[in-house]
Amino acid sequence: MERNLICAGFGGQGVMMIGTLLAFGTCNSTDKHVTYFPSYGAEMRGGTANCYVSISDEEIGAPVVDMADDLIIMNQPSLVRFLPKLKPGGNLFLNTSLVDPDVSRPDIRVIEAPVTEMAMDMGNAKILNIIMLGVYVGFTDILDKKVLLDAMNVKLGKRPDLLPLNYEAFEKGYSIGAAAKKDNP
């Protein structure tokens, strides 16, 4: 089994942290192989940002994929750029706070979550990526939930006062992803 993800958005939306947490969790808590390849635009915050994550039972040949099983899209320009790279039958995870959910591809599953609005409602715009990570993991079951919570503890542990909020954000997203999975068998 190999699963490929492209995660894309503006710099500052935490796109790279989604990839980092998936890769770190996979390396430290499973026997699977993983590659993580970040790509930054000319500027960091506000510029384009995307990353590729591949998780596999076998060795991975290349860190960048031509066609992805899953796309996490955090803004409209990223949808335009990366939608052609989603395989038929793939999963498209949309931040519907910033992305029009009317996608004209009947050959894919669209999982919607207004993660920017949710993060603002929770009082911290910076957790939108953690909500989306929860949506992704809840829908795909790519890794056990505990693996990601442990990865957050290590990677986000420099601010222990924010860990409870990050855990809550992940759980909210996970619930959305798990509910969407029941609706999209």
Side-chain angles (χ1 to χ4, degrees), residues 1-40 44-45 49-57 59-60 63 68-75 78 91 93-95 97 111-182:
M1 180 281 313
E2 181 171 320
R3 189 166 203 134
N4 299 299
L5 165 69
I6 299 172
C7 185
F10 290 131
Q13 288 184 303
V15 167
M16 300 307 175
M17 185 53 71
I18 291 173
T20 297
L21 290 169
L22 285 167
F24 183 82
T26 302
C27 281
N28 283 353
S29 301
T30 74
D31 60 354
K32 297 184 182 300
H33 299 269
V34 63
T35 60
Y36 165 65
F37 185 81
S39 176
Y40 298 94
M44 293 287 204
R45 187 167 297 276
N50 60 80
C51 66
Y52 300 82
V53 179
S54 296
I55 298 174
S56 178
D57 293 329
E59 288 188 20
I60 300 167
D69 301 297
D70 303 312
L71 280 180
I72 294 176
I73 300 295
M74 302 297 262
N75 62 15
S78 295
N91 301 308
F93 298 84
L94 290 179
N95 173 8
S97 298
I111 300 88
E112 302 176 11
V115 296
T116 301
E117 289 173 39
M118 292 173 68
M120 297 300 283
D121 290 345
M122 292 178 70
N124 189 331
K126 292 182 179 182
I127 59 170
L128 68 103
N129 61 331
I130 302 300
I131 298 170
M132 186 59 88
L133 177 63
V135 173
Y136 180 68
V137 173
F139 188 86
T140 63
D141 290 321
I142 189 76
L143 293 172
D144 185 84
K145 185 174 15 174
K146 183 178 178 346
V147 167
L148 273 300
L149 294 174
D150 289 346
M152 280 192 275
N153 198 34
V154 172
K155 290 295 184 181
L156 305 176
K158 293 177 188 168
R159 294 285 313 268
D161 55 314
L162 293 178
L163 283 174
L165 181 62
N166 281 295
Y167 296 152
E168 181 184 353
F170 181 83
E171 291 292 344
K172 284 185 184 231
Y174 189 91
S175 296
I176 291 170
K181 183 177 182 174
K182 287 180 186 173

Spatial distance of atom [atom1] ([X]) from atom [atom2] ([Y]) [nearest 0.5 Å]:
X	Y	atom1	atom2	answer
E168	I131	CD	CD1	9.0 Å
N166	L156	CG	CG	5.0 Å
I130	M122	CD1	CE	10.5 Å
D150	L21	CG	CG	11.5 Å
L133	I18	CG	CD1	6.0 Å
L71	F93	CG	CZ	9.5 Å

Review point. According to the ring pair (Phe, Tyr, Trp, His ring centres under 6.0 Å) rule, which pairs have a member within residues 14-37, sequence neighbours left out?
Key: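 Ring pair (Phe, Tyr, Trp, His ring centres under 6.0 Å) check on residues 14-37 returns no pairs.
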If every non-hydrogen atom of [X] is compared with every non-hydrogen atom of [Y], which pair is closest and at what distance?
X	Y	result
I73	S78	CD1-O, 3.7 Å
K181	G138	CD-O, 4.1 Å
I176	E112	CG2-O, 3.9 Å
M16	S39	CE-O, 3.2 Å
A169	I127	CB-CD1, 3.8 Å
F10	V15	O-CG2, 4.5 Å

Exercise for review: Take M118 and D121, measure what side chain to side chain contact (heavy atoms under 4.5 Å, CB included) needs, and give me the verdict at the end.
Suggested key: CA-CA 5 Å; M118 292 173 68; D121 290 345; 5.6 Å; no
Exam field: side chain [X] to backbone [Y], donor-acceptor pair closer than 3.5 Å:
X	Y	answer
D69	N4	yes
D57	M1	yes
N50	A8	no

**Study point:** Of L148, D141, L22, the residue whose pairing with Y136 passes side-chain contact (heavy atoms from CB on, under 4.5 Å)
**Key:**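 The residue from L148, D141, L22 that satisfies side-chain contact (heavy atoms from CB on, under 4.5 Å) with Y136 turns out to be L22.
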Exercise for review: Pick out which of N129, V115, N75 makes a side-chain contact (heavy atoms from CB on, under 4.5 Å) with Q13.
Suggested key: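 It is N75; the other options fail the test.
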Exercise for review: Apply side chain to side chain contact (heavy atoms under 4.5 Å, CB included) to the pair M74 and L128, showing each step before the final yes or no.
Suggested key: CA-CA 9 Å; M74 302 297 262; L128 68 103; 2.9 Å; yes
Practice item. With sequence neighbours excluded, tell me which residues meet salt bridge (Lys or Arg N to Asp or Glu O under 4.0 Å) with K145. Key: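 E171.
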